[in-house]
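Below you'll find the structure, written out as structure tokens, and then a few comments.
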Amino acid sequence: MSLAWEEAKQAAARDEVPIGAVIVDPTSGNIIARNGNRTRELKDPSAHAEILVIREACEKAGAQRIPELDLYVTLEPCAMCAAAISFARIRRVVFGADDPKGGGILHGGKFYEQPTCHHKPVVSHGTLAADCSLILKEYFKAKRQDQKL
């Protein structure tokens with residue numbers, strides 16, 4: 001999770017919402033993909049950290065499904081990302097901070113609880129939650145202060 005948090009810091013430095021993600025092979029411990037949000041940079045609303053690392057990991061695997069891999073992300077994935085995680089058949093998702101407003105796993109539509117969901121990964125949350133939450137709070141606080149100027 002610390003690597004995902006580093007990706008979040010880099011995203012903030014690019015003036016992106018500071019969310020980072022890492023895909024890991026739990027057997028070897030190898031990092032398969034790591035990235036942070038790039039929606040502004042790529043002018044792509046789907047360029048969330050989770051989507052970017054899933055795309056890279058699938059490309060490296062030469063497959064659309066990566067059931068042997070784990071995803072670490074600093075914020076609870078939104079519904080779009082939760083769906084992509086399910087479609088990619090990712091084995092396990094670990095996220096830091098809960099997202100009561102935009103989350104799609106424990107909050108909102110609770111994607112994995114829907115009868116139409118074909119794959120539910122193992123989900124863990126709260127890892128480095130305070131750090132993952134703080135970087136987001138600081139980012140948005142600075143944005144609000146910039147708007148007051």
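The first residue of the sequence shown is numbered 1, and numbering continues consecutively from there. These numbers come from the heavy atoms of this one structure, side chains and all, not from hydrogens, waters or symmetry mates. Quick caveat: nothing in here was measured; it's all calculated off a predicted structure.
Lys60 NZ: more than 12 foreign heavy atoms inside a 6.0 Å radius.
Atom CZ in Arg65 sits 10.0 Å away from atom NE2 in His119 (nearest 0.5 Å). Here the CG-CD1 distance, from Asp99 to Ile19, works out to 7.5 Å after rounding to the nearest 0.5 Å. One finds the CG atom of Leu75 at 8.5 Å from the SG atom of Cys132 (value rounded to the nearest 0.5 Å). Rounded to the nearest 0.5 Å, atoms CD1 (Ile90) and SG (Cys58) are 7.0 Å apart.
For the pair Glu41 (side chain) and Arg14 (backbone), a donor-acceptor distance under 3.5 Å is absent. Formation of a donor-acceptor pair under 3.5 Å by the Arg92 side chain with backbone atoms of Leu71 is not found in this model. Formation of a donor-acceptor pair under 3.5 Å by the Glu50 side chain with backbone atoms of Ala21 is not found in this model. Looking at Asn37, its side chain does come within 3.5 Å of a backbone N or O of Ala49 through a donor-acceptor pair.
Under the 4.5 Å side-chain heavy-atom criterion for grouping Ile, Leu, Val, Met, Phe, Trp and Tyr, Met80 is not connected to Leu106 through any hydrophobic cluster. In this structure, Leu52 is not a member of the same hydrophobic cluster as Ile135, with clusters built from ILVMFWY side-chain heavy atoms closer than 4.5 Å. Grouping the Ile, Leu, Val, Met, Phe, Trp and Tyr side chains by contacts below 4.5 angstrom, directly or via other members, places Tyr139 with Val73.
Residues Ile85 and Ile54 have side chains in contact (heavy-atom distance under 4.5 Å, counting atoms from C-beta outward). In this structure the side chain of Val93 never reaches within 4.5 angstrom of the side chain of Asp70, judged on heavy atoms. Looking at heavy atoms from C-beta onward, Arg34 lies out of side-chain contact with Glu56 at the 4.5 angstrom threshold.
Scanning both residues, Ala82 and Ile105, for their nearest heavy atoms gives CB-CG1, 4.1 Å. Considering every non-hydrogen atom in both Thr39 and Pro45, the closest pair reads CG2-O, 3.9 Å. Summarising the geometry of Pro18 relative to Thr74, their closest heavy-atom pair is O-OG1, 4.1 Å, with the distance given to 0.1 Å. Residue Phe111 comes nearest to Ala79 through the heavy atom pair CD1-O, 4.5 Å, listed as atom of the first residue, atom of the second, then distance. Shortest non-hydrogen contact noted between Ala61 and Ile66 is CB-CG2, 3.9 Å. Closest heavy-atom contact between Asp44 and Arg55: OD2-NH1, 4.0 Å.
Residue pairs meeting the side-chain hydrogen bond (donor to acceptor under 3.5 Å, both in side chains) criterion with at least one partner in residues 122-138, sequence neighbours excluded, are Asp98-His125.
Using a cutoff of 4.0 Å between basic side-chain nitrogens and carboxylate oxygens, Arg91 and Glu68 are not scored as salt-bridged. Under a 4.0 Å N-O distance rule, the pair Glu113/Lys120 qualifies as a salt bridge.
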Candidate pair Glu16 and Gln10, rule side-chain contact (heavy atoms from CB on, under 4.5 Å), full reasoning: CA-CA 9 Å; Glu16 298 276 0; Gln10 291 177 30; over 6 Å; no
Between His107 and Glu76, does the side-chain contact (heavy atoms from CB on, under 4.5 Å) criterion hold? Intermediate values first, please. CA-CA 9 Å; His107 300 90; Glu76 177 181 353; 2.7 Å; yes
With side-chain contact (heavy atoms from CB on, under 4.5 Å) as the test, would you mind laying out the steps for Val123 and Tyr112 before giving the verdict? CA-CA 10 Å; Val123 175; Tyr112 303 138; 4.2 Å; yes
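Residue Tyr72 shares its hydrophobic cluster (ILVMFWY side chains chained together at separations under 4.5 Å) with Met1, Leu3, Val22, Val24, Ile31, Val94, Leu128.
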